[in-house]
There are 2 protein chains.
Amino acid sequence: MRVKQIADALDISVDTVRYYTRIGLLVPNRSHNGYKYYRPADVTRLRFILSARSLGFSVNDIKEILVTSSQTNAPCPTVRRLIEKRLKETEQRYQDMHELRERMRLATSEWQNKPDQPPTADTICHLIEGFTALKS
Amino acid sequence: MRVKQIADALDISVDTVRYYTRIGLLVPNRSHNGYKYYRPADVTRLRFILSARSLGFSVNDIKEILVTSSQTNAPCPTVRRLIEKRLKETEQRYQDMHELRERMRLATSEWQNKPDQPPTADTICHLIEGFTALKS
DNA sequence: TGTTGACCTGTGAGCGGCTCACAGGTTTAT
DNA sequence: ATAAACCTGTGAGCCGCTCACAGGTCAACA
């Protein structure tokens, strides 16, 4: 299979396949004309990559898992260790997003009742600089 | 003020100040030895940048707001338009983060009862590939 | 046999928002 | 005078793609 075929088969862009190939997650054959040819094993591998991505693993995590899996018997301990780490990060980012969303919502509602004003010597936009939730 | 002073004053890294300077959000003076010197107006400006960042505006948004504010009377219409857009994106990303977190939590709990297994011909890690929530 | 045109290819660069590495300049203490 | 601490700007690197682009391939038609 060439890049377009494998990309279409798994419903992702050719650029994503090329990216994974470029960083060594996929290692296709090369034909005489320089084209990359993907075998069934590469499809399995790519499917695995996509599953892992959708579980929050980074491409470096995936690289590590693939190396472990080819060197030792079970990559599972690595996988368990990594997801714990990534889950913690995700919880944190989720929390941060929540707070950001609250700030943004509060700002928009607060700004409903405020008029437009031109900038002054020490304020650029009174909406932003005067937003109460920023005054710690 | 030189870069370290302004960075310390607003409790951010010198690299961040330098980044904002590099992309033209801040325009300090240059002294004979090539050092950048920041004036009180730059402090106001940087404080504004930080407020806007914490409300979810991108640096490009901020650039646009600053330009508008220096060209027209009130940047407020621009600000209102931009935050609406960013808020929508934030809601979406928040939702995505929520789903990701759920998937990760479900996976970890499901994996508690599963043993480690070596890879086979068509599975790299049975935990990831066999995770139920991925089977659409 | 030639040629048009659709489609496909790989490579290199770009994105955002910083962060890091590094060679060299400046300041302070001796 | 000199050593050490600290500061400087510039360039490159990070992640996970995405885009631009010049050129290659291939089937259909003249």
Side-chain angles (χ1 to χ4, degrees), chain A residues 1-38 42 45-46 48-66 82 85-86 89-90 92-93 96-97 100, chain B residues 1-38 42 45-46 48-66 82 85-86 89-90 92-93 96-97 100:
Chain A
M1 300 172 89
R2 296 189 308 203
V3 63
K4 179 126 194 344
Q5 293 176 280
I6 192 171
D8 285 353
L10 297 190
D11 203 30
I12 58 177
S13 77
V14 290
D15 284 322
T16 300
V17 177
R18 290 207 258 247
Y19 169 64
Y20 292 152
T21 305
R22 208 155 0 181
I23 63 175
L25 286 190
L26 294 171
V27 188
N29 285 338
R30 303 300 288 259
S31 77
H32 64 288
N33 57 11
Y35 285 14
K36 289 153 181 151
Y37 282 82
Y38 298 86
D42 295 317
R45 210 176 163 89
L46 180 50
F48 170 77
I49 294 167
L50 297 176
S51 300
R53 288 289 298 129
S54 88
L55 275 172
F57 293 99
S58 74
V59 294
N60 273 330
D61 292 344
I62 295 169
K63 200 176 281 186
E64 187 177 342
I65 294 166
L66 285 171
L82 286 173
K85 191 165 124 200
R86 295 299 168 211
E89 290 171 8
T90 300
Q92 181 61 56
R93 294 202 297 133
D96 292 347
M97 289 292 296
L100 174 58
Chain B
M1 301 172 88
R2 295 188 309 200
V3 63
K4 179 134 196 339
Q5 294 176 281
I6 193 171
D8 285 353
L10 297 190
D11 203 29
I12 57 176
S13 77
V14 290
D15 284 322
T16 300
V17 177
R18 290 207 259 246
Y19 170 63
Y20 292 152
T21 306
R22 215 168 336 196
I23 63 174
L25 286 189
L26 295 171
V27 188
N29 285 339
R30 303 299 289 257
S31 77
H32 64 290
N33 57 10
Y35 285 14
K36 288 152 180 151
Y37 282 83
Y38 297 87
D42 295 316
R45 209 176 165 89
L46 181 48
F48 169 78
I49 293 167
L50 297 176
S51 301
R53 288 289 297 127
S54 88
L55 275 172
F57 293 99
S58 73
V59 293
N60 273 331
D61 291 345
I62 296 170
K63 200 175 280 185
E64 186 178 343
I65 295 167
L66 286 170
L82 286 173
K85 192 165 123 200
R86 296 298 168 214
E89 291 171 6
T90 300
Q92 181 62 56
R93 294 202 298 134
D96 292 347
M97 290 291 297
L100 174 59

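Quick note on labels: first sequence line is chain A, next is B, and so on, each numbered from 1. Hydrogens, waters and symmetry mates play no part in the numbers below; they use all other heavy atoms, side chains included.
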Salt bridge (charged side-chain N to carboxylate O under 4.0 Å, His left out) contacts touching residues 49-66 of chain A (sequence neighbours left out): A/Asp61-A/Arg86, A/Glu64-A/Arg81
Listed by chain and number, what are the side chain to side chain donor-acceptor pair (under 3.5 Å) partners of B/Asp15, not counting sequence neighbours? none
Within this structure, what is the CG-CD1 distance for the pair B/Leu26 and B/Ile49, rounded to the nearest 0.5 Å? 4.0 Å
Which is it for A/Tyr37 and A/Met1 under the side chain to side chain contact (heavy atoms under 4.5 Å, CB included) test, yes or no, and what are the steps along the way? CA-CA 5 Å; A/Tyr37 282 82; A/Met1 300 172 89; over 6 Å; no
According to side chain to side chain donor-acceptor pair (under 3.5 Å), who are the partners of A/Asn29, at least two apart in sequence or on a separate chain? none
Validation: residues 16-23 of chain A side-chain donor-acceptor distances under 3.5 Å, sequence neighbours left out:
residue	atom	partner	partner atom	Å
A/Thr16	OG1	A/Ser13	OG	3.0
A/Thr21	OG1	A/Val17	O	2.8
A/Thr21	OG1	A/Tyr38	OH	2.8

Nearest heavy atoms of B/Leu25 and B/Leu66, plus distance in Å: CD2-CD1, 3.9 Å
Does B/Tyr35 reach the side chain of B/Val3, with side-chain heavy atoms less than 4.5 Å apart? no
Using a strict heavy-atom distance below 4.0 Å, which residues from residues 17-33 of chain B are in contact with DNA chain C? B/Tyr19, B/Tyr20, B/Arg22, B/Asn33
Would you check if A/Lys36 and A/Arg30 make a side-chain contact, meaning some heavy-atom pair closer than 4.5 Å? yes
Can you tell me if B/Ser58 and B/Asn60 form a side-chain donor-acceptor pair at under 3.5 Å? no
At a heavy-atom distance below 4.0 Å, what parts of residues 51-60 of chain B sit against DNA chain C? B/Arg53, B/Ser58, B/Val59, B/Asn60
Please report the shortest heavy-atom distance between A/Gly24 and A/Val27, naming the atom on each side. O-CG2, 4.0 Å
So what is the end-to-end bend of the helix from C/dT1-D/dA30 to C/dT30-D/dA1, with 5 pairs used at each end and the value given to 10 degrees? 40°
Could you list the residues that satisfy side chain to side chain donor-acceptor pair (under 3.5 Å) with A/Asp11, not counting sequence neighbours? none
List for me each residue that meets side chain to side chain donor-acceptor pair (under 3.5 Å) alongside B/Asp8, sequence neighbours excluded, and say none if there are none. B/Lys4
Using a heavy-atom cut-off of 4.0 Å to chain A, what are the terminal contacting nucleotides of DNA chain D, in 5' to 3' order? D/dC15 to D/dT25
Contact residues, residues 2-14 of chain A to DNA chain C [heavy atom, < 4.0 Å]: A/Arg2, A/Val3, A/Lys4
Write down the atom of A/Pro28, the atom of A/Asp42, and the distance for their closest heavy-atom approach. CA-OD2, 4.1 Å
Apply side chain to side chain contact (heavy atoms under 4.5 Å, CB included) to A/Arg93 and list each qualifying residue two or more places apart in sequence or on a separate chain. B/Met97
